[in-house]
Protein chains: 2
Amino acid sequence: MAEPLCDLVLDRVFRKARTFNSFTDRPVDEATLRALHELWKWGPTSTNQQPLRVVWCVSDAAKSTLAALCAPGNAKKVLDAPVSAVLGMETNFVHYLPRVFPHTDARGWYGDNRRLIEESAFRNSSLQAAYFIIAARLLGLDTNPMSGFDEEKVNEAFFAGTTSRVNFITTLGYGDPATLYPRGPRLEFEETNLIR
Amino acid sequence: MAEPLCDLVLDRVFRKARTFNSFTDRPVDEATLRALHELWKWGPTSTNQQPLRVVWCVSDAAKSTLAALCAPGNAKKVLDAPVSAVLGMETNFVHYLPRVFPHTDARGWYGDNRRLIEESAFRNSSLQAAYFIIAARLLGLDTNPMSGFDEEKVNEAFFAGTTSRVNFITTLGYGDPATLYPRGPRLEFEETNLIR
């Protein structure tokens, strides 16, 4: 497994991939949501904690509920997309450790250190959210991750009575290239990397 | 770009990819570190903020400095790997916004809201760290991301006098399959996804 993949793959995943503001009419069915999970679930997390929780807004009712809690520009995107998703983090991931990290009891590594637990759930659900974005690209889908929404109200509407809470939201579909803006510039190697 | 990529790609990126505790002797040169950046830099971040900062520990001196600040098991991994990296976040990403997000002045969206800025830097550097892990896999490399280190001392040793600080660390190289453990189980679709 030690050689680089071909240009087509590097282009699809990173070099020519874009965030799409709007999508074609092509629908996204439940089998596709399950296929996505079959990919992103394998990405690595600390002590295999897997804190990402996804609430899929597929029905008009669910999309309307989410849209009503978004900034105006984002509300329209949520309503218009084939599917929208609330990407959340499970803050009680420690509960699952005996099953998902069976070779040792890692629960004591977290104990009741709330700062460590909250920070871990945030970091690792963000890693998994990136795996989610990449998994979509591998399957030919596109996303539009967004942070402009009322966090507290989204938690009430989608995670009430649970120990999960929102990280960010995204739309999902097959991107419409006609609606793309020019791509934002990236920082140079020398600005973001230091060799020691 | 709307069809799924082939099994070989899905296997390499997710389904058969692993985190490696140790690596073969094959070295990792600077050209490879630059090729990695040419991939991960394209992954999306909020307002294109790109907060990830990478300090590459290539020399024995740099690896020793980092290893001395790690938990014992991790110290050995850092010393033995072809390359180790400190993955940090730039908390003054707002400075770059006029250049990287040119179509509007997004600096006011953050203002001097420190909580929002810190949270954004953490979330988006974590997304970029996941792009980094995936980019490595696309180039045939493997990683071992780790959180067991003294955060404050790593900041002093690698980010003193800057507005950056550590998120987590990783090793990088060509994985040695002989040293793999059995893979940890993943949570089921029904445990982590809800369709509404």
*Asks:* Which answer fits A:Ala135, side chain, backbone, both or neither, if we ask what part of it has an atom under 4.5 Å from a heavy atom of chain B?
*Replies:* both

*Asks:* If you tally heavy-atom pairs under 4.5 Å against chain A, which of B:Arg34, B:Arg26, B:Arg15, B:Glu30 wins?
*Replies:* B:Arg34

*Asks:* Under a 4.5 Å heavy-atom cutoff, which of B:Gln128, B:Arg53, B:Glu188, B:His103 has the most pairs with chain A?
*Replies:* B:Arg53

*Asks:* Given a strict heavy-atom distance threshold of 4.5 Å, which part of A:Pro185 is in contact with chain B: side chain, backbone, both, or neither?
*Replies:* both

*Asks:* Would you call A:Arg99-B:Glu191 a salt bridge at under 4.0 Å N-O?
*Replies:* yes

*Asks:* Among A:Leu10, A:Thr19, A:Leu8, which has the most heavy-atom pairs under 4.5 Å with chain B?
*Replies:* A:Leu10

*Asks:* By a 4.5 Å heavy-atom criterion (distance strictly below it), what part of A:Asn124 contacts chain B: side chain, backbone, both, or neither?
*Replies:* neither

*Asks:* Which bit of B:Ala62 is near chain A, if near means a heavy-atom gap under 4.5 Å: side chain, backbone, both or neither?
*Replies:* side chain

*Asks:* Quick check, are the ring centers of A:Trp56 and A:Phe132 under 6.0 angstrom apart?
*Replies:* yes

*Asks:* Against chain B, label A:Asn48 side chain, backbone, both or neither, depending on which of its atoms sit under 4.5 Å from a heavy atom there.
*Replies:* side chain

*Asks:* With rounding to the nearest 0.5 Å, note down the distance linking CZ in B:Arg18 to OH in B:Tyr181.
*Replies:* 11.0 Å

*Asks:* Less than 4.5 Å to any heavy atom of chain B: does that hold for the side chain of A:Tyr96, its backbone, both, or neither?
*Replies:* side chain

*Asks:* Just so I understand: if I count every heavy-atom pair under 4.5 Å between each of A:Phe168, A:Tyr131, A:Tyr174 and chain B, which residue has the most?
*Replies:* A:Tyr131

*Asks:* Distance alone, cut at 3.5 Å: any donor-acceptor contact between the side chains of B:Asp176 and B:Thr179?
*Replies:* no

*Asks:* Let's test your reading of the structure: which of A:Ile195, A:Val86, A:Asn193, A:Leu52 forms the most heavy-atom pairs below 4.5 Å with chain B?
*Replies:* A:Asn193

*Asks:* Do A:Asn21 and A:Asn144 make a side-chain contact, defined as non-hydrogen atoms from C-beta onward lying under 4.5 Å apart?
*Replies:* yes

*Asks:* Using a 4.5 Å cut-off on heavy atoms from C-beta on, say whether the side chain of B:Pro44 contacts that of A:Ile133.
*Replies:* yes

*Asks:* Under 4.5 Å heavy-atom distance to chain B, tell me which part of A:Leu33 shows up: side chain, backbone, both or neither.
*Replies:* both

*Asks:* Shorter than 4.5 Å, heavy atoms on both sides: which option in A:Ser126, A:Ser125, A:Ser120 has the most such pairs with chain B?
*Replies:* A:Ser126

*Asks:* Just wondering, do B:Leu97 and B:Tyr110 contact through their side chains at under 4.5 Å, heavy atoms?
*Replies:* yes

*Asks:* If two hydrophobic side chains count as joined below 4.5 Å and joins carry through other members, does A:Leu139 share a cluster with A:Val54?
*Replies:* yes

*Asks:* Answer yes if the side chains of A:Asp80 and A:Ser22 hold a donor-acceptor pair under 3.5 Å, and no otherwise.
*Replies:* no

*Asks:* With chain A as the partner, which of B:Glu38, B:Glu119, B:Lys63 has the greatest number of non-hydrogen pairs under 4.5 Å?
*Replies:* B:Glu119

*Asks:* Using a 4.5 angstrom heavy-atom cutoff, name the option from B:Leu187, B:Thr45, B:Val9, B:Val100 with the most pairs to chain A.
*Replies:* B:Leu187

*Asks:* Do A:Ser164 and A:Glu90 get their side chains close enough for a donor-acceptor pair, meaning under 3.5 Å?
*Replies:* yes

*Asks:* Under 4.5 Å between any side-chain heavy atoms of B:Asn167 and A:Arg123, yes or no?
*Replies:* yes

*Asks:* Which atoms of A:Ser147 come close to chain B, meaning under 4.5 Å heavy atom to heavy atom: side chain ones, backbone ones, both, or neither?
*Replies:* side chain

*Asks:* Counting heavy-atom pairs closer than 4.5 Å to chain B, which one of A:Val58, A:Val13, A:Val55, A:Leu138 comes out on top?
*Replies:* A:Leu138

